[in-house]
Colleague: 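The structure is given below, and queries will be raised subsequently.
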2 protein chains.
Amino acid sequence: MPRLADPALPERRRGQILDAARECFRERGFRLTTIEEICAQARISPGALYRYFDSKADIVAAIALDTRAQAEAALDALPDDHGLIDGIAALARAFFEAFEQDATLFADIWAEAAGDPVLAKALGARDRATRERLTAVIERAQRAGAAYPSLAPADAAEALMAALEGFALRRTLWKDRDISEAVRRFRTLALHLLKPKR
Amino acid sequence: MPRLADPALPERRRGQILDAARECFRERGFRLTTIEEICAQARISPGALYRYFDSKADIVAAIALDTRAQAEAALDALPDDHGLIDGIAALARAFFEAFEQDATLFADIWAEAAGDPVLAKALGARDRATRERLTAVIERAQRAGAAYPSLAPADAAEALMAALEGFALRRTLWKDRDISEAVRRFRTLALHLLKPKR
DNA sequence: ACCTGAACACCGTTCAAGT
DNA sequence: ACCTGAACACCGTTCAAGT
């Protein structure tokens, strides 16, 4: 019998549960999937699951923050020269793709956040960080002459994020419409916001 | 004993229940409010409630469609001359105000729609109608020279609606931020989309 | 015809007992 | 230290019985 427990176990278990949850949410949506289903998928008992997550909402929160973190990381690769618009469009595509299979999850996350101050605060902090990075990129682009400076960088960033999320939200309704169409529309919007001269 | 039932009763009951539901949702959010709470507020029994609505989701659906219908009606009053931008801004303010007290409801409606094909279809039909009206307004404005024609009217309409809903969504996270700030940001976006020359 | 409210079904969460 | 799974609590929905 080991005196010390496996220090990697908690992280492994959390990953195991999150993977199972994503799989289930994808199949039946957040509302309809049961803790028992997640447990079956993760080959674990309810009691064990609650050792690693406080609640079902806590599981969505973890997934939401993870997705956000990935999106934010992609921002660092954004060029601030004349490739800016295309970079933003690529980012939008990645964002839409992240929610392609679990389209409903996007809406569920926001609904959960709206009713759960803890998740709201965590998501809010991530969101602020994301917006600040995007603002910085736009600011540099304006200085470099790659973006039109009539719009305050912070306003442009907020508008772009709102539009991106708005398109993602609307895509949950029109599941038939393909991603490229959404990307094209978002790209057009970004172009008008950042380079109105062209 | 009357041979014919009061023909206005069903509509009255539905209104009574919807008012009660709105009140409850405002206070505790969609998730947390209980059918029993709505019943208490409406002074009616659960059995009676289910005579007028199929499910809890059906109640949100009714509220969602009602809110949408109001927003759509406001579109008719939109000027297609140089007051267009201000008209759109006023519309955005009304939209934000409609969800001011039940901020979480906005996200809940989408989450519900994402998981409920019936609601999705109903909301989708309304949405299409709204977009077509907005498209027509923009088209007229472009012809009148009040909007810049570089953007296809349908794309502009879709972008504006996505942005409007994106801002509304994000407002559920930042409850502190006042409406005027959101309206100002949306107005700026609309300006860049429709009148990039200025 | 419309309503009541107890009963049912389901599911998120807990906890006493195991190894 | 970690896990199991039966039990609990809660709530959306139904339905037999009332008027």
Side-chain angles (χ1 to χ4, degrees), chain A residues 1-18 20-22 24-25 27-63 104-105 108-109 111-112 115-116 118-119, chain B residues 1-18 20-22 24-25 27-63 104-105 108-109 111-112 115-116 118-119:
Chain A
M1 200 158 291
R3 302 220 7 228
L4 281 185
D6 178 358
L9 180 61
E11 210 40 54
R12 208 170 64 236
R13 282 272 185 276
R14 280 181 66 94
Q16 183 182 350
I17 292 165
L18 287 181
R22 259 187 270 253
C24 292
F25 291 161
E27 223 136 304
R28 311 218 311 132
F30 172 67
R31 308 287 182 92
L32 290 181
T33 92
T34 273
I35 290 288
E36 203 171 338
E37 285 170 358
I38 298 175
C39 288
Q41 180 76 25
R43 299 179 186 285
I44 213 174
S45 71
L49 185 147
Y50 278 91
R51 169 175 276 268
Y52 299 101
F53 290 94
D54 288 342
S55 64
K56 196 182 174 187
D58 195 28
I59 296 176
V60 226
I63 294 178
T104 76
L105 195 57
D108 280 321
I109 286 168
E112 211 53 46
D116 175 356
V118 177
L119 175 54
Chain B
M1 201 159 291
R3 301 224 4 230
L4 281 184
D6 178 357
L9 180 62
E11 211 40 55
R12 208 170 64 234
R13 281 273 185 278
R14 280 181 65 94
Q16 182 182 350
I17 292 165
L18 288 180
R22 260 187 271 252
C24 292
F25 292 160
E27 222 135 305
R28 310 220 309 133
F30 173 66
R31 307 289 182 91
L32 290 181
T33 91
T34 274
I35 290 288
E36 202 170 340
E37 286 169 358
I38 298 175
C39 288
Q41 180 75 26
R43 298 180 187 285
I44 213 174
S45 72
L49 184 147
Y50 278 91
R51 169 176 275 268
Y52 298 101
F53 290 95
D54 288 343
S55 64
K56 195 182 175 187
D58 194 28
I59 296 175
V60 226
I63 293 178
T104 77
L105 194 58
D108 280 320
I109 286 169
E112 211 52 46
D116 175 357
V118 178
L119 176 54

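We name chains A, B, ... by the order of the sequence lines, and we start the count at 1 in each one.
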Colleague: Looking for any heavy atom pair under 4.0 Å, which part of the strands does A/Arg43 touch: base, sugar-phosphate only, or nothing?
Modeller: nothing
Colleague: Would you mind telling me which residue lines up with the more 5' stretch of DNA chain D, A/Pro46 or A/Arg51, judged by nearest nucleotide?
Modeller: A/Arg51
Colleague: Within the structure shown, what part of the strands sits under 4.0 Å from A/Thr34 by heavy-atom distance: base, sugar-phosphate, or nothing?
Modeller: sugar-phosphate
Colleague: Base, sugar-phosphate, or nothing for A/Phe53, non-hydrogen atoms under 4.0 angstrom?
Modeller: nothing
Colleague: Round to the nearest Å and state the distance from A/Ile59 atom CD1 to C/dG12 atom P.
Modeller: 10 Å
Colleague: Could you pull out the closest heavy-atom pair between B/Leu105 and B/Phe30, with the gap in Å?
Modeller: CD1-CB, 4.5 Å
Colleague: Would you kindly give the OH-to-P distance between A/Tyr50 and D/dG5, to the nearest whole Å?
Modeller: 17 Å
Colleague: Checking all strands, does A/Arg31 fall into the base, sugar-phosphate, or nothing category for heavy-atom contacts under 4.0 angstrom?
Modeller: nothing
Colleague: Which nucleotide, if any, forms a Watson-Crick or G-U wobble pair with D/dG5, using both distances under 3.5 Å?
Modeller: C/dC15
Colleague: Check every atom of D/dC2, D/dT13, C/dC3 against the side chain of A/Tyr52 and return the nucleotide holding the closest atom.
Modeller: D/dC2
Colleague: From the list D/dC2, C/dC3, D/dT13, which nucleotide is the closest neighbour of the side chain of B/Lys56?
Modeller: D/dT13
Colleague: Nearest to the side chain of A/Ser55, heavy atoms from C-beta on, is which of D/dC2, D/dG12, C/dT13?
Modeller: C/dT13
